[in-house]
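What follows is one structure encoded as structure tokens, with my remarks underneath.
This one's a predicted model, so the numbers in the text were calculated from it and none came from an experiment. Below, each value reflects all heavy atoms present in this structure, side chains not excepted, and no hydrogens, waters or symmetry copies. Numbers restart at 1 for each chain; the letters A, B, ... are given by sequence-line order, proteins then strands.
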There are 2 protein chains.
Amino acid sequence: MSPDTLKLYHSPASPNSRRVRIFLAEKGLTVPLVVIDLGKGEQHSEAYRAINPRRVVPTLVLEDGTAIGEVPAIMRYLDEAYPERSLLGATPKDKGLIAMWERRAELEGFAAVMEGVRNRVAGLKGRAIAGPHDYEQIPALVERSVLRVKNFFADLNERLGQVPFVAGERYSAADITALVTVDFAAKALELSAPAEYVALKRWYEVISNRPSAAA
Amino acid sequence: MSPDTLKLYHSPASPNSRRVRIFLAEKGLTVPLVVIDLGKGEQHSEAYRAINPRRVVPTLVLEDGTAIGEVPAIMRYLDEAYPERSLLGATPKDKGLIAMWERRAELEGFAAVMEGVRNRVAGLKGRAIAGPHDYEQIPALVERSVLRVKNFFADLNERLGQVPFVAGERYSAADITALVTVDFAAKALELSAPAEYVALKRWYEVISNRPSAAA
């Protein structure tokens with residue numbers, strides 16, 4: 001099935017959208033893009049909620065209309081439907097390990113940055129958690145998020161002192177999530193890894209110079 | 001490779017461990033179990049931290065010593081290494097959809113219960129987030145967690161009014177995570193779905209009567 005028959009609903013500035021765009025670029029796939037304007041609140045429109053009831057980007061829509069939300073689920077679909085240049089691993093062991101490292105990068109890194117942003121930004125008052133329900137911001141979470149992101153940088157630096165890529169010897173989806181986290185933390189929380197984290201810096205230099213990083 | 005060569009480090013009372021035990025039972029796999037006594041703090045021991053630096057159960061250890069942590073990553077390994085009675089889907093589309101629904105059950109249900117517990121229980125003071133780093137409890141999160149779990153019940157009931165199982169027409173890993181969430185919420189937060197959620201009740205009756213639910 002040609003990737004032309006898919007549609008990726010995304011937002012250019014959304015870090016979760018960027019995870020999927022980089023994934024597609026690394027696989028050499030070109031998928032038609034549909035922009036959802038988050039500034040105008042298009043994610044809350046009835047049309048988009050029919051596609052993604054959690055009102056978040058990205059969503060991948062298949063030719064038959066099936067809508068797949070959640071970044072790791074979209075990655076899973078893409079790696080199964082287009083197995084060439086796999087980013088989720090070739091053997092059961094690699095698949096398990098990449099799933100583990102990608103998830104750690106997300107839960108300890110990406111989610112921590114997101115929590116800081118959603119509990120801090122004035123425009124997200126009452127929307128501290130993405131999804132169909134409204135939740136008030138909790139200011140104490142902003143401070144905690146900063147701590148978490150700093151700990152994530154320290155752990156990532158330690159890991160990258162042992163192996164060249166997040167999941168081990170090869171570039172994978174785990175590097176994508178970690179890269180997007182580092183850029184997101186810098187942009188949204190003005191947090192960067194200290195200069196002495198040389199392993200992290202070496203890795204970042206390599207990963208962010210791949211053509212896919214521009215996606 | 002025989003599942004006898006694997007080892008599952010788990011705790012009988014840990015809901016995350018139960019997700020994997022049910023998964024194994026549904027696949028008809030018997031894996032040697034090693035108990036980590038959370039009450040005695042065995043997860044913080046040097047020996048266990050060498051296996052899982054996040055100091056959480058469960059961890060699956062392969063014959064060659066490779067340690068896979070994180071429930072969805074363990075499920076992924078098991079479904080790839082032992083493809084019979086797949087619980088993560090057969091086609092790329094099913095795999096994507098099951099990954100999506102399992103994740104939503106986890107992030108909106110399971111993680112909300114866990115957050116309530118970790119920010120409330122006196123014994124978890126200073127350990128509000130599992131992992132290698134210490135974080136203080138934030139009391140406001142307890143109240144918010146209760147709200148989130150209630151919203152999860154409402155959404156789950158709505159979903160199960162449309163389809164027989166969480167991910168659609170067939171039992172899958174998404175039902176496992178949702179079942180464990182419902183039981184965990186009742187036990188740890190004394191929260192149950194209201195009697196009028198008939199679709200959720202019907203589903204719960206079916207799922208909790210499968211022999212795997214005893215695992």
Hey, which of B:His133, B:Met75, B:Glu80, B:Met100 has the most heavy atom pairs under 4.5 Å with chain A? B:His133

Between CD on residue A:Gln137 and CZ on residue B:Arg144, distance to nearest 0.5 Å: 10.5 Å

Roughly how far, to the nearest 0.5 Å, is CD of B:Glu70 from CG of A:Leu97? 12.0 Å

Applying a strict 4.5 Å limit to non-hydrogen atoms, the region of A:Leu62 in contact with chain B is side chain

Check ion pair A:Glu108-B:Arg54 (N to O, under 4.0 angstrom): yes

Return the option, out of A:Pro53, A:Pro72, A:Ala99, A:Ala140, with the maximum number of heavy-atom pairs under 4.5 Å with chain B. A:Pro72

Checking B:Asp79 now: which residues fulfil side-chain hydrogen bond (donor to acceptor under 3.5 Å, both in side chains) with it, not counting sequence neighbours? B:Lys27, B:Ser86

Per-residue contact mode, A:Ile129 against chain B (heavy atom under 4.5 angstrom): side chain

What part of A:Ala111 is in contact with chain B, defined as an atom under 4.5 angstrom from a non-hydrogen atom: side chain, backbone, both or neither? neither

Identify the residues of residues 148-175 of chain B whose heavy atoms come closer than 4.5 Å to a heavy atom of chain A, ordered by number, or report 'none'. B:Arg148, B:Asn151, B:Asp155

Name the region of A:Leu107, side chain, backbone, both or neither, that has any atom closer than 4.5 Å to a heavy atom of chain B. side chain

When the 4.5 angstrom heavy-atom criterion is applied to A:Asp64 and chain B, the contacting part is side chain

Does any heavy atom of chain B fall under 4.5 Å from the side chain of A:Glu102, the backbone, both, or neither of them? neither

Give the member of A:Gly131, A:Ala73, A:Ala81, A:Ala67 that has the highest number of heavy-atom pairs under 4.5 Å with chain B. A:Ala73

Got a salt bridge between B:Lys93 and A:Glu63, using NZ or NE/NH1/NH2 to carboxylate O under 4.0 Å? no

Checking A:Ile138 against chain B: side chain, backbone, both or neither under 4.5 Å from a heavy atom? side chain

Would you say A:Lys201 has more than 12 foreign heavy atoms packed within less than 6.0 Å of its NZ? yes

